[in-house]
2 protein chains.
Amino acid sequence: MNFCSNCGSRVVLKVPDGDFLPRHVCPNCGAIHYLNPKLVVGSVPEYQGRILICKRGIEPRHGYWTIPAGFMENDETLEAGAAREAMEEARIQVEIGSLLLLANVTSARQVHVFFRSRMLTADFDVTHESLEVKLIDAREIPWDDLAFPSTEYALRRYVEDRAAGVERHHVAEMQRRF
Amino acid sequence: MNFCSNCGSRVVLKVPDGDFLPRHVCPNCGAIHYLNPKLVVGSVPEYQGRILICKRGIEPRHGYWTIPAGFMENDETLEAGAAREAMEEARIQVEIGSLLLLANVTSARQVHVFFRSRMLTADFDVTHESLEVKLIDAREIPWDDLAFPSTEYALRRYVEDRAAGVERHHVAEMQRRF
């Protein structure tokens, strides 16, 4: 951050009164610009026991497999965001279910919130964000070609919990992998 | 947002290629400035069966009671942020426990993540953010003078769950109240 998004002046880095961290502060209009972690929302969609995964058609991790997920937008709930991403990345209609994973992805300054979801129909399709979309059995999950640590963590817990007949939630910290 | 924080040019509002929402885009350097919900992290601290609450010394809701919570910073986990807020607002050392509440606060463009926490000692104190800090019994919670809908929701679920002998998590949407 170099300039004030409010008035266009050059910002300076300093600790505001009563604060404890340096912030980008505008010496002209006084605006303090905070930088905070971003939320990524998504789900593990299931249809009649099979799991839907998408091959990423965009960077980062182009060509690797993931579950439908992306940045949460303003003015939507976590669940609405997760359902929107399912539509955007796989053209599926889902009903969002229980909380699966709350993942600290500190190195990327993100928090990932993943739910279980149920596809309302068997329909799915590729989109400009996904090269390929498919419904697979749990034993077909491409563990070595998953896009992100949180993708793998979510799918492992999903499969374990389903085998145990429970819908647990998990809070975890993802280690940097790339 | 009026100016590009990268190069200082005036931004325009438009839908970038492949996107579906208008964004603040810089016609000079091409930067796209996304606005996303912010995370608020906190906890319900307990010490030997009593609950710690703080009277807010800052706006919004100056003079109303709350649990220690605030904006999550970059480079910290949800749990570290919740523990930091406990220290900043009440000078308490806590061990963060189970997830209590994941609250959509859509009207404020926030997501609140609250945990249960355990105070490691009986020590607490006021800070520049809190006019008063106290340890109370559950029946002394000032329900009519709580700061935010998520404060009330978290405390109600906390008390109910404790009475039931369980540590559930809750996912909910807060209605605008003010």
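It should be emphasised that the depicted structure is a prediction, and the values quoted were computed from it without experimental measurement. Keep in mind that the numbers below use all heavy atoms, side chains included, and drop hydrogens, waters and symmetry copies.
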Could you grab the distance from atom NE2 of His169(B) to atom OG of Ser98(A), nearest 0.5 Å is fine?
-> 7.0 Å
Residues of residues 19-31 of chain B near chain A, each having a heavy atom less than 4.5 Å away | Phe20(B), Leu21(B), Arg23(B)
Pick one of side chain, backbone, both or neither for Glu173(B), based on which atoms fall under 4.5 Å of a heavy atom in chain A.
-> side chain
Over all heavy atoms of both residues, which pair between Pro37(B) and Glu73(A) is shortest? Give the atoms and the distance, please.
-> CG-O, 3.4 Å
Heavy-atom side-chain contact between Leu39(A) and Lys38(B) under 4.5 Å | no
Please check if atom CD in Gln93(A) has more than 12 non-hydrogen atoms from other residues, nucleotides or ligands closer than 6.0 Å.
-> no
Residue among Asn6(B), Val113(B), Thr77(B) with most heavy-atom pairs under 4.5 Å to chain A | Thr77(B)
Examine whether an atom of Arg84(B) lies under 4.5 Å from a heavy atom of chain A, and if so say whether it belongs to the side chain, the backbone or both; otherwise answer neither.
-> side chain
Closest heavy-atom contact between Met72(A) and Val111(B)?
-> CE-CG2, 3.7 Å
Linking I/L/V/M/F/W/Y whenever any side-chain heavy atoms sit under 4.5 Å apart, do Leu100(A) and Ile96(A) land together?
-> no
Any idea which of Glu88(A), Glu129(A), Arg10(A) has the most non-hydrogen atom pairs under 4.5 angstrom with chain B?
-> Glu88(A)
Heavy-atom pairs under 4.5 Å with chain A are the metric here; pick the option from Asn2(B), Asn74(B), Asp75(B) that has the most.
-> Asn74(B)
Mind checking the SG-CZ spacing from Cys7(A) to Phe3(B)? Nearest 0.5 Å is all I need.
-> 7.0 Å
More than 12 heavy atoms of other residues, nucleotides or ligands under 6.0 Å from OH of Tyr64(A): is that the case?
-> no
So which of Leu99(A), Leu78(A), Leu35(A) has the largest heavy-atom pair count under 4.5 angstrom toward chain B?
-> Leu78(A)
Positions in residues 101-110 of chain B that reach chain A, provided some heavy atom is under 4.5 Å away | Leu102(B), Asn104(B), Thr106(B), Arg109(B)
Verify the cluster assignment for Phe124(B) and Ile53(B): are they in a single hydrophobic cluster under the rule of side-chain heavy atoms below 4.5 Å apart?
-> no
Asn36(A) and Phe71(B): which non-hydrogen atoms are nearest, and at how many Å?
-> ND2-CB, 4.1 Å
